[in-house]
Amino acid sequence: MATRKLLIAESNDELRQTLAELFGEHYQVCICRSGDRALELLRSFAPDIVYMDLMLPQIDGITVLQTALQEGIRPGILAACGFESPYISEALSRLQVDYIIKKPCAPAAIAGHIDEIAGAIDLAPAPPALSRTELSGVLLQLSFGSHRDGYRYLIYGAPLFAQNIQQTVTKELYPAIGKHFGKSGQQVERSIRSAIESAWDQRNEAVWRRYFTPAPNGMIPRPTNSKMLHAMVRVLESQQNTKKYG
C-alpha cells in the first residue's frame, strides 16, 4: 500500500513541528501555517488526509475547505478549532469534515483521529484513477469559464459518470454531484447546461472538432449535457490508456 499523504495546516509553530515529527515515520507529510498556502498544497500536494486549523492566517480554514470542495478536492479531514458555535458546526457538516477536535488538544489525540480517518479511507472503494487536473485543462480549452458552477460540476461528475455510463444522468448522476456540493439535481443540470451554452457561444471550432463531430453543414452543434459528459468520459479513458500503455 502506498504511503498516505498528510497535510498539516497549523498556525501554532510548536504544534505544527510536533505533529510533523509524530507523523513523519508513517505518512508523507507536508506542513504549512497559512490558509493561502494550505489551498496551494491541497491542489499541488493532493493529500489523502488533512489536519486543518480553522484559525489560519491569510485565509481561514473554513474558506480553504469550502474552496477545495468547490474544486472537487475531497480528502479525509480533521478540523481543529479553539471554540464551538452553531455556525462552525453547520459549516463543517456541510463541508463533509470527518471529525472536529477542540483545541488545545494533545498531539496523541490528534494522531488517533488521523489514524482513524486513514483507516476509513483504506476501507473505502478506491477512487477512479483519472486526472481531474487534465480534465480541467480540456474544459478551459473548450472555453468553459472556471468561475462557473457547471465547470466544477463537470470536473467532479465526469469521473463518476465514467464509472458507470449506464446510470441515469437525471436520477442518479446529478443528485450525486448535487449532494457533494450541497445543491439539488435540478440546480446541477441547469448549471452544466448554462456553462455549455456559454462555452459553445465562445468556441474555437478547431478545438471543439477534437472532441465533437461536426454536423453536415460543417459546424459543431451545441452539445447536450449528456453528450458533453460522454465527451469528457472519452477524454478520461484516453488519459487512462495513455498512462497504461504510454
Side-chain angles (χ1 to χ4, degrees), residues 4-17 19-20 23 27 29-105 110 113-114 117-118 120-121 127 132-133 135-137 139-140 144-157 159 176-184 187-188 191-192 194-195:
R4 290 291 184 188
K5 294 195 289 185
L6 169 64
L7 171 61
I8 299 172
E10 170 57 57
S11 59
N12 183 285
D13 294 341
E14 182 178 354
L15 178 57
R16 185 173 63 254
Q17 292 301 326
L19 293 176
F23 291 111
Y27 294 85
V29 177
C30 195
I31 63 174
C32 65
R33 67 173 305 277
S34 67
D36 52 349
R37 181 59 177 157
L39 191 53
E40 290 176 4
L41 291 171
L42 278 164
R43 293 164 173 157
S44 60
F45 180 57
D48 301 295
I49 308 165
V50 175
Y51 165 84
M52 178 67 66
D53 175 11
L54 297 184
M55 299 294 106
L56 294 173
Q58 307 300 327
I59 305 176
D60 66 88
I62 288 179
T63 301
V64 171
L65 295 176
Q66 183 176 21
T67 303
L69 186 61
Q70 289 173 344
E71 295 181 7
I73 302 170
R74 178 57 180 93
I77 302 168
L78 171 61
C81 187
F83 63 93
E84 298 178 1
S85 74
Y87 166 75
I88 289 177
S89 298
E90 190 278 332
L92 295 182
S93 175
R94 186 178 69 252
L95 295 171
Q96 304 174 37
V97 168
D98 295 274
Y99 197 87
I100 307 168
I101 193 167
K102 188 174 181 181
K103 298 173 69 176
C105 50
I110 294 173
H113 292 306
I114 291 293
I117 293 172
I121 292 174
R132 286 192 171 98
T133 300
L135 182 59
S136 172
L139 290 176
L140 291 174
F144 277 78
S146 60
H147 64 287
R148 287 184 169 272
D149 288 340
Y151 164 89
R152 292 191 290 269
Y153 299 161
L154 283 169
I155 289 176
Y156 179 78
I177 298 171
K179 182 178 180 180
H180 183 82
F181 289 95
K183 302 292 184 179
S184 69
Q187 288 174 306
V188 169
S191 294
I192 292 177
S194 177

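Since the model is a prediction, treat every value here as computed from it, not as a measurement.
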Please check if atom NZ in K5 has more than 12 non-hydrogen atoms from other residues, nucleotides or ligands closer than 6.0 Å. yes
Closest heavy-atom pair and its distance - G157, I177: CA-CD1, 3.6 Å
Supply the atom-to-atom distance S191 OG to L154 CG, rounded to the nearest 0.5 angstrom. 10.0 Å
Considering all heavy atoms of both residues, which atom of G82 and which atom of K102 are nearest to each other, and what is their separation? O-CE, 3.8 Å
In this structure, are over 12 heavy atoms from other groups packed under 6.0 Å from F45 atom CZ? yes
Let's go through Y153 and K183 carefully: what are the C-alpha distance in whole Å and the side-chain angles of both, what is the deciding distance for side-chain contact (heavy atoms from CB on, under 4.5 Å) to 0.1 Å, and is it a yes or a no? CA-CA 10 Å; Y153 299 161; K183 302 292 184 179; 3.3 Å; yes
Given I8 and Y27, is the side-chain contact (heavy atoms from CB on, under 4.5 Å) satisfied, shown in steps? CA-CA 11 Å; I8 299 172; Y27 294 85; over 6 Å; no
Value rounded to 0.5 Å, distance of CG in L42 from CE in M52: 5.5 Å
Give me the one residue out of I31, V29, I110 that meets side chain to side chain contact (heavy atoms under 4.5 Å, CB included) with Y51. I110
With respect to L54, which candidate in D60, I62, T63 satisfies the side chain to side chain contact (heavy atoms under 4.5 Å, CB included) definition? I62
Side-chain contact test, heavy atoms from C-beta onward, threshold under 4.5 Å: evaluate it for P75 versus L7 and give yes or no. no
Under 3.5 Å, side chain of D98 to main-chain N/O of I77, donor-acceptor pair present? yes
Below 4.5 Å, heavy atoms only, C-beta onward: do R43 and I73 meet side chain to side chain? yes
May I ask you to decide if the ring planes of Y156 and H180 are parallel, tilted or perpendicular, using 30° and 60° as cut-offs? parallel
Compare all side-chain heavy atoms of C30 with those of P47 and state whether any distance is below 4.5 angstrom. no
Between F144 and S136, is a side-chain contact (heavy atoms from CB on, under 4.5 Å) present by the stated rule, with each step listed? CA-CA 9 Å; F144 277 78; S136 172; over 6 Å; no
L65 vs L69, side-chain contact (heavy atoms from CB on, under 4.5 Å): CA-CA, chis, key distance, verdict: CA-CA 6 Å; L65 295 176; L69 186 61; over 6 Å; no
Show the nearest heavy-atom pair for residues G35 and V64, with the distance to one decimal. O-CG2, 3.4 Å
About how many Å separate CE of M55 and CZ of F83, when rounded to the nearest 0.5 Å? 4.5 Å
Closest non-hydrogen contact found for L78 with H113 is CD2-CB, 4.0 Å
Closer than 4.0 angstrom, basic N to acidic O: yes or no for R16 and D53? no
Out of curiosity, S34 OG to E40 CD, how far, rounded to the nearest 0.5 Å? 7.5 Å
Quick check: closest heavy atoms across F181 and R152, and the distance to 0.1 Å? CZ-O, 4.0 Å
Quick one: pull up CD in Q17 and CD in E10 and give me the separation to the nearest 0.5 Å. 11.0 Å
Non-hydrogen atoms of G76 and I117 that approach each other most closely: CA-CG2, 3.8 Å
From L56 atom CG to N12 atom CG, the distance as rounded to the nearest 0.5 Å: 11.5 Å
